[in-house]
Protein chains: 2
Amino acid sequence: MTLELEKMPKQPGRLKIQKRADLVTEEIKQLITQKNLRPGAKLPMEKELQRLFSVSKSTIREALKSLEVQGLITVSTGPTGGATIIEVPLERTFQLLQNYLFFKEVSMEDIYAARRLLEPELAAGSVPFLSDEQLDALEHNIETCQPTSHEPSRLVRQRQADLDFHDILAAANPNPFLRFACELINEMLRRLVVFSTQTPPEEHAKFGCANVKFHAEIAKAARARDSERVRALMRAHMEEASQYVKRLDGRLDGRLILDSEMAPRLRPLS
Amino acid sequence: MTLELEKMPKQPGRLKIQKRADLVTEEIKQLITQKNLRPGAKLPMEKELQRLFSVSKSTIREALKSLEVQGLITVSTGPTGGATIIEVPLERTFQLLQNYLFFKEVSMEDIYAARRLLEPELAAGSVPFLSDEQLDALEHNIETCQPTSHEPSRLVRQRQADLDFHDILAAANPNPFLRFACELINEMLRRLVVFSTQTPPEEHAKFGCANVKFHAEIAKAARARDSERVRALMRAHMEEASQYVKRLDGRLDGRLILDSEMAPRLRPLS
DNA sequence: AAATCCGGTTTATAATGATAAATAGGATGA
DNA sequence: TCATCCTATTTATCATTATAAACCGGATTT
């Protein structure tokens, strides 16, 4: 009759015993927080990390993989290779957020309900901070959108350029959280919106023209540093766009975002 | 509208050639999207996945690790074990988002700028959908917050409960995107806010009382199904809270969120 | 002299096999 | 009936080896 109490009884829900690899991941994350490691800083190489945490190759590999998926590091081979801390890319964050939203059936109206609230405030807040280059970029963007052929591929392209306008405004805003929220919405619209093939291309062209008109007015007001007018114009713009999207039967394609889609897209300027 | 997903385009310059493990991850994500696998569905076991993609154990392990970090699957041992699709938990998404914001220096004012815009709309939109249980929960939450001793630990606890009030409202809103945005903000406030130790506890208590007052009014208006009044009250509530937070010198602790923090957090009322 | 090629070195990436840990479900025993 | 043990199954970790990618520096070519 043996008396064995070594086995740790399962604490109901309280403290989950993590896997070794996950513990290593945590240690490294704490290291980043505590030593305030900035982008560009390098982690020790795999061999040394193995030694440091007394784990095997595959375990340290899983830990690094976890950090890589989280967008906190990149790993490269070669003599100067290994893990390097990076600033988490927006696209990666968008991808991970879309994993969450994938199961939620988000409609276009849902997105615009938030966009209507955020964009006017974002735009108004950006006005005092817009550089001359950014103001130029806004105006140049409008020219790019101007000629509207009815060819489907051009229509899609125009919608992309429309969103670039909003990204330029976002880039100038000093509030990183608001900026993030709006950039996220822009990214969702850019990548996930699909329109019914039924609607005639003329309707799409009308949508594009209406956008250009508003963008031109907004750019003008922005150049005049009139924050309140920009806010009002953007509010009207969002209101109208929301209506158009509804008429054109725009929908969000509920799918997971793949790494291969995240090709480095052209960043306006910042 | 069809969506072309090319597997491995041979564009040599632009696209980065992915690692084998990442390719497997993509294949599995495509599988989830295409076969519309819902939470609960199981992936084949490791051995079979190895066979399926013709890769070694370590490769398939890395791919599964990636999906696990993304919150798309959980993996368990034993018979009937293996990878199971799950709905990405909000907490996981919050963790990944915080990785992004970690490098951005978000201030309390930044968060509240967005919160001021979103919460009134969220609350108003929730009103028609609040169940009797949820209305009861709102009122019960207020009672919980009522007695305010000046003990620091109780003050923190009260702020947590305050946020629960807003979570209840969020839960009733039919817009998953707006809901998500507000829940995210609540989670940030819950986990990352730190107050200066300088400010006297009386000030904190005053803050708590002011919150309770507004919550009581909001709950009353919600029971009366008066959406517009709820919107107006919430707007005033946010305005005031924003001022209090500024006075109390509330700050966001810029750090990375660890898995071990994401233990099932205390749900005060159930 | 400048650019290019070409190996060697360093490092991650992938494959394989062996052992440990966790779990479910059935068998065992009071 | 109930708790315990047993065992088969599957992941988790470790260890080792082999392969591939990136970089460095010297040799070769232009």
Side-chain angles (χ1 to χ4, degrees), chain A residues 1-28 40-69 72-86 259-260, chain B residues 8 10 12-13 15-28 40-69 72-86 259-260:
Chain A
M1 199 184 288
T2 53
L3 198 56
E4 286 286 335
L5 291 178
E6 295 179 275
K7 217 192 332 186
M8 185 174 295
K10 288 206 305 184
Q11 303 251 347
R14 254 297 162 273
L15 186 60
K16 189 169 134 195
I17 289 111
Q18 290 182 67
K19 290 185 269 191
R20 233 176 159 101
D22 294 341
L23 288 173
V24 173
T25 307
E26 295 221 339
E27 296 259 6
I28 297 176
K42 300 209 61 169
L43 261 46
M45 67 168 127
E46 279 189 7
K47 275 232 171 93
E48 196 163 351
L49 287 170
Q50 283 180 53
R51 215 165 36 70
L52 221 70
F53 298 109
S54 306
V55 293
S56 75
K57 206 177 190 89
S58 52
T59 303
I60 197 67
R61 220 139 204 303
E62 279 198 32
L64 289 175
K65 184 78 199 176
S66 171
L67 294 170
E68 194 186 19
V69 171
L72 289 166
I73 64 171
T74 49
V75 190
S76 58
T77 64
T80 64
T84 310
I85 311 271
I86 58 166
D259 286 2
S260 55
Chain B
M8 263 299 277
K10 283 156 191 145
L15 265 186
K16 193 170 107 186
I17 291 125
Q18 289 182 70
K19 291 181 268 192
R20 200 178 273 247
D22 293 341
L23 288 174
V24 174
T25 307
E26 295 220 339
E27 295 261 5
I28 296 176
K42 300 210 61 172
L43 261 45
M45 69 167 127
E46 278 188 9
K47 277 237 171 86
E48 197 162 352
L49 288 170
Q50 285 179 49
R51 214 168 35 70
L52 218 69
F53 298 109
S54 306
V55 293
S56 73
K57 185 167 38 182
S58 52
T59 303
I60 199 67
R61 279 202 121 262
E62 277 199 33
L64 289 175
K65 184 77 199 176
S66 172
L67 295 169
E68 193 185 19
V69 171
L72 290 165
I73 63 170
T74 47
V75 186
S76 57
T77 64
T80 75
T84 310
I85 311 271
I86 57 166
D259 285 4
S260 54

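Residue numbering restarts at 1 for every chain, and letters A, B, ... go by the order of the sequence lines. On a predicted model such as this, the values are computed, not experimentally measured, just so you know.
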- Which nucleotides of nucleotides 7-14 of chain D have their base under 4.0 Å from a protein heavy atom (B), which only their sugar-phosphate (S), and which neither (-), written as one string 5' to 3'? --BBSBBB
Let me have the donor-acceptor pairs involving side chains of residues 53-60 of chain A, under 3.5 Å, with sequence neighbours excluded, atom names and distances please.
{"from": "A/S56", "atom 1": "OG", "to": "A/S58", "atom 2": "OG", "distance (Å)": "3.3"}
{"from": "A/S56", "atom 1": "OG", "to": "A/T59", "atom 2": "OG1", "distance (Å)": "3.4"}

Quickly work out the [X] [atom1] to [N] [atom2] distance and round it to whole Å.
X     : N      : atom1 : atom2 : result
A/R51 : C/dT11 : CZ    : P     : 13 Å
B/L49 : C/dA14 : CG    : C1'   : 17 Å
B/K42 : C/dT23 : NZ    : P     : 13 Å

- Query: Under the salt bridge (charged side-chain N to carboxylate O under 4.0 Å, His left out) test, which residues partner B/E48, sequence neighbours left out?
  - Reply: B/R51
- Sequence neighbours excluded, which residues qualify as salt bridge (charged side-chain N to carboxylate O under 4.0 Å, His left out) partners of A/E68? A/K65, B/K19
- Item | Partners passing side-chain hydrogen bond (donor to acceptor under 3.5 Å, both in side chains) against B/T25 (at least two apart in sequence or in another chain) | none
- Task: Output all residues satisfying side-chain hydrogen bond (donor to acceptor under 3.5 Å, both in side chains) with B/Q50, sequence neighbours left out; order by chain, then residue number.
- Result: none
